[in-house]
Amino acid sequence: LDKNTLFFLSPEDWRVLLAIEMGMKNHELVPVPLIESIAGLKRSNCYTTLQNLLKHKLIAHNGKKYDGYNLTYPGYDYLALKVFFKRGVISNICYKIGVGKESDIYCCLDPDENPVVIKFTRLGRTSFKAIKSKRDYIKGRTSYNWLYLSRLSAVKEYAFMTALHKHGFPTPRPIEWNRHAIVMSYIDGYTMRNVSQMMHPKTIYTKLIKMILSFAEHGLIHSDFNEFNIMLDEEENYYVIDFPQMVSTSHPNAEFYFDRDVECIQTFFERKYGIKFEEVPKLGEDVEKKVDLDVEIKASGFLPKESVKDLHLLEGIGDNNAAEEEEVGEEEVEEPMSDEDQNENEGEQPELGDVEGQIDEEEAKAMLKIEKEDEDPQDSDEDEDEEEDEEEEKGDINEEKKEVLVVKRKKKKL
């Protein structure tokens, strides 16, 4: 980055850069009339500004199939840097610290002259173009541009870093974010890959394995936990960097990523320090989830709380069914009743006034009448007919009595 160019850009240059950025939301190449309309410039002024931006390679022009302009990564960097300067986050750009497969790292100074780090995401490089298979930024999109995907990556990394730092994990302190750039605290150390010798390698290994387990207990897996993304200072304090590829422990490939992180650390220490390991931690056996941090920051592969509740309900239903089956299997067969008990039960009849007998006095009398009819049907026919007529005139016969009378009449006809 050329900080001199940044400070000497005119207001018209910034307006055209912003106009092209806004136009790229719906256009791969933004036409000049649209740039003029958004920036509010005349044709002559807009043309001069475009030529100046082309000279500094902040934009690119393509006139083969469609005449238009698009932002380059340096132009996108300048837009983010202007915001950081305006907010008072940084005061100067110092030098480039390193270059990764998907980012550039710069050292800057804050207003108090303290060193800070700016990370510019650079998706789409030759070293990292398999974004569709390695990240979930695209989802169902059929068309996209690399600047937008870099912005999504930066948003995700800033969210991960903020949440992890808040929960006490050894990460750089996130300061500010804009577009595809993240400002974070400066770590005075080196990546573990560039450390020639450690004073206590076994202690560092133990702490790193515990870190992997602690990530999993919070519902996260780093997915790229190796010597290139772990930094050590002179006192052998370790820090973890690079988070956009983190996934949830509910991810379909969570166990694979977890085992790969453990294997990377063990391979490094075994190859460089000759340390051999007998026990290998497993995600399903040695990890018990304590915090739903993956749900809070919506890590790749996370399950919403409603889905988790449904799973718990299904598991509970399965457990209840299994318990019921066991109870049915353990039920004892009732012993047959003895003759004496049967005789005692037969002899016991509910009294007319007994509530548990479930029989009214009138119903009992009706039943007794039916028994008498069965004994002497011929002698009691006339008396019964007269009683039936009287009861029907009164209209006090309930439905159950009517059923009894219907039965009696059927018997007479027979």
Side-chain angles (χ1 to χ4, degrees), residues 1-63 66-96 103-124 144-155 158 174-184:
L1 293 174
D2 187 1
K3 59 183 179 182
N4 295 325
T5 303
L6 176 68
F7 294 136
F8 287 102
L9 287 178
S10 65
E12 289 78 10
D13 294 334
W14 291 114
R15 288 167 68 179
V16 170
L17 281 176
L18 285 171
I20 295 176
E21 181 189 19
M22 295 175 65
M24 287 183 67
K25 292 180 179 179
N26 301 317
H27 298 76
E28 185 176 353
L29 297 173
V30 186
V32 176
L34 182 59
I35 297 173
E36 295 172 359
S37 175
I38 297 174
L41 298 175
K42 295 182 179 180
R43 175 62 61 88
S44 59
N45 292 341
C46 185
Y47 179 77
T48 304
T49 303
L50 289 172
Q51 295 303 314
N52 184 42
L53 296 175
L54 282 171
K55 181 177 67 174
H56 296 293
K57 298 182 180 180
L58 303 182
I59 61 174
H61 176 253
N62 190 339
Y66 184 84
D67 188 19
Y69 296 84
N70 64 287
L71 277 177
T72 61
Y73 269 119
Y76 209 40
D77 296 344
Y78 278 34
L79 288 172
L81 286 172
K82 185 185 179 183
V83 174
F84 292 144
F85 276 104
K86 188 175 181 179
R87 293 177 181 175
V89 179
I90 60 175
S91 61
N92 196 5
I93 303 171
C94 297
Y95 55 90
K96 181 183 285 188
S103 62
D104 287 349
I105 313 296
Y106 287 84
C107 180
C108 303
L109 296 177
D110 64 4
D112 297 329
E113 300 297 321
N114 297 318
V116 293
V117 171
I118 295 183
K119 179 178 180 179
F120 295 102
T121 310
R122 296 273 195 269
L123 298 184
Y144 50 87
N145 63 70
W146 294 114
L147 297 180
Y148 180 66
L149 294 181
S150 297
R151 177 191 179 97
L152 294 180
S153 178
V155 170
Y158 185 79
I175 299 174
E176 189 60 85
W177 158 82
N178 185 261
R179 292 179 173 85
H180 67 314
I182 302 173
V183 181
M184 64 189 79

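Treat the numbers as computed from the prediction; the structure is a model and nothing was measured.
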For the student: nearest non-hydrogen atoms of [X] and [Y], plus distance:
X	Y	answer
V155	W177	CG2-CZ2, 3.1 Å
W14	L6	CH2-CD1, 3.5 Å
I105	K96	O-CG, 3.4 Å
N145	Y148	OD1-N, 2.8 Å

To the nearest 0.5 Å, tell me how far [X] [atom1] sits from [Y] [atom2].
X	Y	atom1	atom2	result
L147	T121	CG	OG1	11.0 Å
I59	L17	CD1	CG	7.0 Å
L58	T72	CG	OG1	6.0 Å
D104	I118	CG	CD1	12.0 Å
L149	R151	CG	CZ	12.0 Å

So, using side chain to side chain contact (heavy atoms under 4.5 Å, CB included) as the criterion, who are the partners of [X] when residues are at least two apart?
X	answer
L18	E21, L79, R179
K57	none
D2	N4, T5, Y78

Step by step, would you call I20 with L50 a side-chain contact (heavy atoms from CB on, under 4.5 Å)? CA-CA 10 Å; I20 295 176; L50 289 172; 4.1 Å; yes
Any donor-acceptor pair under 3.5 Å linking the side-chain atoms of T49 with those of N52? no
Would you say S150 and Y76 are linked by a side-chain donor-acceptor pair, where the criterion is simply a distance under 3.5 Å? no
Exceeds 12 heavy-atom contacts within 6.0 angstrom, atom CZ of F8: no
Could you tell me how the ring of H61 sits relative to the ring of Y69: parallel (under 30°), tilted (30 to 60°) or perpendicular (over 60°)? tilted
List the atom pairs, with distances to 0.1 Å, where a side-chain N or O of residues 80-92 and a protein N or O form a donor-acceptor pair under 3.5 Å, not counting sequence neighbours.
from, atom 1, to, atom 2, distance (Å)
R87, NH1, E176, OE2, 3.3
S91, OG, L109, O, 3.3
S91, OG, D110, O, 2.9
N92, OD1, K3, NZ, 3.4

Return the set of residues passing side chain to side chain donor-acceptor pair (under 3.5 Å) with N70 (not counting sequence neighbours), or none when no residue passes. none
List, one per line, each side-chain donor-acceptor pair under 3.5 Å for residues 30-48, sequence neighbours excluded.
from, atom 1, to, atom 2, distance (Å)
E36, OE2, R43, NE, 2.1
T48, OG1, S44, O, 3.0

When you measure from the side chain of S103 to the backbone of F120, do you find a donor-acceptor pair of N or O atoms at a distance under 3.5 Å? no
